[in-house]
Amino acid sequence: MANQAPAIELKGISKAFGPVQANKDISIRVMPGTIHGIIGENGAGKSTLMSILYGFYKADAGEIFIGGTKANITDSQAAIASGIGMVFQHFKLVENFTVLENIILGAEDGKLLKPSLAKARRTLIELANDYGLNVEPDALVQDIGVGMQQRVEILKALYRQADILILDEPTGVLTPAEADQLFRILGRLRSEGKTIILITHKLREIMETTDTVSVMRRGEMTATVKTSETSPAELAELMVGRKVLLRVDKKPATPGDVVLDVKNLKVKDEKGVERLRGIDLQVRAGEIVGIAGVAGNGQSELLEVLGGYQDGTGELRLNGQPLDLSGRHSDGQSRRARGVAHVPEDRQREGLIMNFHAWENTAFGYHHDAPYQKNAMLMDNAAIKADTAEKMERFDVRPPDPNLAAKNFSGGNQQKIVLAREIERNPDLLLIGQPTRGVDIGAIEFIHQQIVALRDQGKAILLVSVELEEILALSDRIAVMFDGQVMGERMPDQTDEKELGLLMAGITDTANAHSVEEIEENLAHAGGDAGKEV
Amino acid sequence: MDYMTLIQLLDSSVRLATPLLLACLAGLFSERAGIFDIGLEGKMLAAAFFSAALASVTGSVWLGLLAGIGASLMLSALHGVASITFRGNQLISGVAINFLAAGMTVLIAQDWFKQGGRTPSLTGDARFEGITLPGADAMANVPIIGPLYSELISGHSILVYMALAAVPLTWWLLYRTRFGLRLRAVGENPAAVDTAGVSVIGLRYAAVAICGILCGIAGAYLSTALQAGFVKDMSAGRGFIALAALIFAKWRPWYALWATLLFGLFGALETRPDVIEGVIGMKVQGQLLGALPYLMTVIILAGFVGKAIPPRAGGEPYVKER
Amino acid sequence: EPALIFDLGGKFDKSFNEAAFNGAQRWAEETGGTFREIELQSEAQREQALRRFAEAGANPIITTGFAFATPVDAVAGDYPDTKFVNIDGWLPEIPANVQMISFQEHEGSYLVGMLAAQASKSGTIGFIGGMDIPLIRHFGCGYAQGAKAVNPDIKIVANMTGTTPSAWNDPVKGSELTKAQISQGADVVYAAAGGTGVGVLQTAADEDILSIGVDSNQNHLHPGKVLTSMLKRVDVAVYNAMKNGADGVTGSMVLGLAEEGVGYAMDDNNAPLVSDAMKASVEDARQKIIDGELEVVAYYANDSCPALDF
Amino acid sequence: MDVMPKWAEVILVPFISLLLAAFISGLVVFAIADVPDSAITMMDRIGARLDFVWGAAKLMVNGALGSTYGWGYTLYYATNFMFTGLAVAIAFHARLFNIGGEGQAMLGGLGVAIACLYIPWPHWSVALIGAAAMAGLFGAVWAAIPAWLQVKRGSHIVITTIMFNFIAASLLNYLLVNLMRPKGSMDPATAHFREATNLPTLHDLLAPFGIAFSKSAPANVSLLVAIAACFALWLLIWRTRLGFEIRSYGESESGAKYAGISPFKITMIAMIISGALAGMMAINNVMGEAERLVLNATEGAGFIGIAVALMGRSHPLGVFIAAILFGFLYQGGAELALWTSIPRELIVVIQALVILFTGALDNMVRMPLERMFLALRRNKAAGAN
Ligand SMILES: Nc1ncnc2c1ncn2[C@@H]1O[C@H](COP(=O)(O)OP(=O)(O)OP(=O)(O)O)[C@@H](O)[C@H]1O
Ligand SMILES: Nc1ncnc2c1ncn2[C@@H]1O[C@H](COP(=O)(O)OP(=O)(O)OP(=O)(O)O)[C@@H](O)[C@H]1O
Ligand SMILES: [Mg+2]
Ligand SMILES: [Mg+2]
């Protein structure tokens, strides 16, 4: 093994985007038949490095060796020819194409589509049998869940006979069950001698699946170690440059009055399908209620209807006062006026205007606030900027520049901007969805601390997350949603991931053992489009 | 309205629809690949001039057609350089091309022919004549289908048949070939095409070039088939109507045919106030008649068509690094 | 040095601006003189061009188009030593240094209408106007009266090309209108439509019916296919204005049949189409109009036409 | 972090682009130049052509900017383009493409004509307010219908506004030819507005300050209204809550929904403002210049507005500058047409080249500049180390 040529060797890779040095003199060796992990803070340069390997970006300097021979990867075509496949952080799929069309795109066999499609269909069946990668070949990509979309991306690579597979933050959008399945597949691929590079922020995944791991920091490769010889704490420290608490430090809750009171809440989507089928839920002051559930079981709709931009029916009270569920007084602005703050699940599509400056995003949704007004007509931009600078300081947003556009911040810092905006408003109720999706460990730690601090001030918090770990760590009470209904409530110290997992699969009878098949069948029944809206 | 009138009305619709159809399909290729093109008008106009000019000089309409296509391709190339290579604003580039064509055609025409920005009248082989399809004359007297065949179907210039053939061809190219798959993909998500190892730039230039060719034919049709020479501004806003038809057609080839035929029919009806009067039973006031095609479009659009979703990456230059 | 200002249509509108240009050219060639000229691009340039030329010492300053009447009226007072000439316009009171030349287009149109009615075998004739403005209705109205005078039962199909300036430059639509009129039985069409008329005459020739040109003699465009042209001698008017120079007459000048300001064109190209009988009847009417025995109603008289509905 | 300093972005790039446009325009003029018969040798002929190009350039600049007279025309045109450019710009901020400026401006003219003909205003200042309100109202209605159709019926605003241009032309034609034309007049135009509604020109406005401004140029008090509109729009877009909401909606519909910004409200308001601005152009051309409503009074200014808004990057200051640039091209072109025999289409070509280079090919200039500035910065950094 020692004298075998590495599957991939990068030597002295450097890359600058204008004034930003994304990669600095990076070298790395990955042996065939291994899973190599890469971790690093948001913006450390991981995606850039991999995109260079895949020929998406061109490196300013450096060399790439594939299987011991120097490869001249000028574009993705060359990378594909060298046996490299990549699943990007943001999928590169054509939404209104079918799965099959996406798979053959760029790898067609001739000028006409029919034979290509037929061949791809046959190959897909083989691949499905070999790896358990089941997809619906004729479904439109926009109609399938993210888990399935990711499978399409992997199939795309395998269809092109990739020996080296790069996955950039593959589990960021997956449910635990989907993630488990992904790692099973990766195991299969490794055992077939394929080489895998895995970028993730989740140390648990690194520890469980990789053979070696590299750590990146501010564009540089700071360490490469054998996974068996390191620990999560050490990796976290290497990554962030300081010691990181890997669990949430919080006092027991002291719940007060009921702040949010929801009765028989129902929501229908545009197609008339009932997505919430009668929710009853209470959140008290000084309490974090976590909503667990497989994505697509109504959590998003719950947040949206509570946040005021989805109509619903039923009863909704805040501090005992009724709130409208439809009509003119049911929108984001009226909710905010009543003391409801909302960190949406998708920060880039909803929480932020990507082309707005940080200061504008701080005012976003709160642009009617009195402190932001100069007079009856005009907003006070200077005041907003000052306020933003202060918030950025307190939330350690990097760089702390109110005049930078939101799109120029990394994901973690974008999330901090949204959080700063919503938390600092001192709301009675905070709705918060997927607070740490795609965010690095250092930032996760900080975000969790803020949420707990808000609770300790006696605020009510409703937390939605697909990360069971996060739910367990933060919540004072956990409600599990399945198919638009609350299946049950549990206290975090009286339950475990297994029990929650069964509830998430719609199985209330958690005392008895259940087979995997039963769970999967139940999940499939719950919604063919589970996870669609993430 | 009697049967013959109907046939004549439809016949006129086909003639009026043809340049719209060609331009609409041209726009379809370009926009399906993610390049918005409001310069259809200018390309048509330039092609109308150069095809008439070359046809007049050489006496061969086919050379004229080639010149028209060539001129339109030049403007397409300009649009490509601006919006693909230099990632400029596609709308601005289109506006500029319209102005450029409107000015240049007259300047050059005046410089070459000194006939007040017109080309000399084309005669004989310098013009596309109507083609009488086999058996058209023989069939003319058969009831019902006779006039249908000999009047409506037969007798158009070859470019009309080319335009009609372009519809299934476009459909086939778009939905049945590798090129079409990639073309549609590049208008929806260029990054997907790029990471699949296909050149985004190459595809987009190809699409823009096809757009140029089709606009070239449309322009040549105006000046060498419908007319016998170039008159300044003779495209008379047809490029914009074609654009409207494209949205109307939701960027699909068969719909493009129906949409442009509908616009053609509106145009034809405008020339026949007597028919409208016969159908609705009262005289339509002159200016209202002129507004009728546009009013009808608005009504149909509001009443029956619904939302049209443009290609998702349309109008945006493909930028990987900034 | 005289100056000539063309209306928005441009000097090559194949219509009356072009006729004005031809008149000026003829004057320049005959006298060896030079003249200034400008093609307008916008409404605001009307007054601008008048003033600029006046200040530069151009004299007389000749303008084409009724839209110049108002600007000329506004400017003339400021340049009492400059003579202004306007063709086609109308002013209630004419300043001392202004000459307004107008043509009796309805009289000329009347004559070609008579010819059309006599040449028509189907009993249906057509009229195709450019942009729908009173002037064009004026043309159509005279035409219809002439036709009806020959054949009271004649059917006249009239269309306007459009309501925007592009109606002057849309030969494609001109063609389509011609075809539509042919399918309604028309076998003679009269085009008063600028560049659009190119399409009308072309299609009439292609479809083997007769057409009538307008403003200048367009008989040569399709020899043997153009029945005649309604002449409006803008070229003569401009030529005379230039020739008279700075001290020509002022006031209003109306050019009708008597002054040979309007008429119908006869030449080798259309000689076979117009029989002696036709010519005789038209000459007769011409004389009667000149003598005042026959009155052709102008559309302007009460904004409507006795012979045709618009 | 931007690669280029701001001054390079806002001044250097447009300036070099303009130079390129001017250079190509020069080539075109060179090609069509009149060469005197006396020039025989090749060098003579080239020299004569160069002289001609130089003369033409001087003529344009002098004619447009060399006198208060020239400025008066330049600013008159610029006023039109400011209104229509702002109209397109505000709609762009809400991600709406209003191609209907032309039709809205026509309707605005109708509003002005009705206000000026049928209401006995005591003084021009009151008349201006009344006419501007009517113009804005008419333009706004003409824009509100397509907006409503888009939100409620899903009709694409681009098509509907194009159609509304044609419909407006027909409507205006009907009104002017059949109804509003004074009896006996052959000109399809309304009667002259009454004296009291005639707006003061820059000459009248500046005279009290002892500034001699050409009497014959049509630039009038509407210019000040246009400049005020630029400023007001800037305030609206960048300083008010409504502007904030319009921009938010334009940038991200899903984000706007989250924040509680109503798409219906924003679409309607943005288009109403847009239509009102386009309509208000009429106080300049109809009330200020022609003092009556003529057919085709808008002369494509609605379309030029699109180019102006795009070149001005939808920023009111950018629109202001682009409008002046176009005013310059119009007036400079008029002078060129007055004193040379160059066909007027040359001006159209020059406009096309300016739009092309400053608006669409700007990256051709920007990219090498950026590389240059980056290299400079690297060198500096290296020098510092
Ligand atoms: N296309 C681009 N254009 C300009 N700058 C970029 C681009 N992509 C990345 N950068 C910059 O390069 C740096 C590295 O980004 P990269 O995406 O590689 O980070 P990452 O490690 O993948 O972060 P994350 O964990 O958030 O995914 C960042 O500072 C970013 O600002
Ligand atoms: N085209 C670009 N121009 C400038 N900066 C960019 C560009 N693309 C990405 N970036 C920056 O690169 C950094 C990392 O980008 P990336 O797309 O990996 O997002 P991210 O930080 O991982 O967030 P998320 O996890 O939510 O996707 C961010 O700072 C982002 O703003
Ligand atoms: Mg990344
Ligand atoms: Mg990330």
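A note on names: the letters A, B, ... follow the listed sequences, proteins ahead of strands, and every chain is numbered from 1. Basis for what follows: all heavy atoms, side chains included, without hydrogens, waters or symmetry-related copies.
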| query | For atom CZ of R349(A), is the number of surrounding heavy atoms from other residues, nucleotides or ligands below 6.0 Å larger than 12? | reply | no

| Minimum heavy-atom separation for K92(A) to A192(B), with atom names? | O-CB, 3.2 Å

| field | Non-neighbouring partners of F29(B) that pass ring-ring contact (aromatic ring centres under 6.0 Å, His included), sequence neighbours left out | value | none

| note | Max heavy-atom pairs within cutoff under 4.5 Å with chain A, candidates A313(B), G197(B), S199(B), goes to G197(B)

| field | Distance (rounded to the nearest 0.5 Å) between E188(B) CD and Q142(A) CD | value | 8.5 Å

| message | Are there over 12 heavy-atom neighbours, none belonging to L164(B), within less than 6.0 Å of that residue's CG? | response | yes

| request: For residues L181(B) and E101(A), determine if any side-chain heavy atom of one lies less than 4.5 Å from a side-chain heavy atom of the other. | output: yes

| request: Would you mind checking which part of R184(B) comes under 4.5 Å of any heavy atom in chain A, side chain (CB onward), backbone (N, CA, C, O), both or neither? | output: both

| How about Y255(B): does its OH atom have over 12 heavy atoms from other parts shown lying under 6.0 Å from it? | no

| query | So, do K111(A) and F179(B) sit near enough that their side-chain heavy atoms are less than 4.5 Å apart? | reply | no

| request: Determine whether more than 12 heavy atoms belonging to other residues, nucleotides or ligands lie under 6.0 Å from atom NZ of K268(A). | output: no

| field | Taking every non-hydrogen atom, the tightest pair across L112(A) and W172(B) | value | CD2-CZ2, 3.4 Å

| task | Count the heavy atoms of every other residue, nucleotide or ligand shown that sit under 6.0 Å from CE of M354(A), and state whether that count exceeds 12. | result | yes

| task | Identify which part of N102(A) has an atom lying under 4.5 Å from any heavy atom of chain B, answering side chain, backbone, both or neither. | result | neither

| request: Would you mind telling me which of G110(A), S51(A), A78(A) has the largest number of heavy-atom pairs within less than 4.5 Å of chain B? | output: G110(A)

| field | More than 12 heavy atoms from other groups under 6.0 Å of NZ on K70(A) | value | yes

| Taking atom NE2 of H90(A) and atom CG of N189(B), what is their separation to the nearest 0.5 Å? | 12.0 Å

| query | Can you name the closest pair of heavy atoms from A196(B) and L105(A) and give their distance? | reply | CB-O, 3.4 Å

| Which atom pair, heavy atoms only, marks the closest approach of V198(B) to G106(A)? | CG2-CA, 3.6 Å

| query | What pairs with R238(B) under side chain to side chain donor-acceptor pair (under 3.5 Å), at least two apart in sequence or on another chain? | reply | D170(C)

| Hey, what do you get for CG (D194(B)) to OH (Y54(A)), rounding to the nearest 0.5 Å? | 9.0 Å

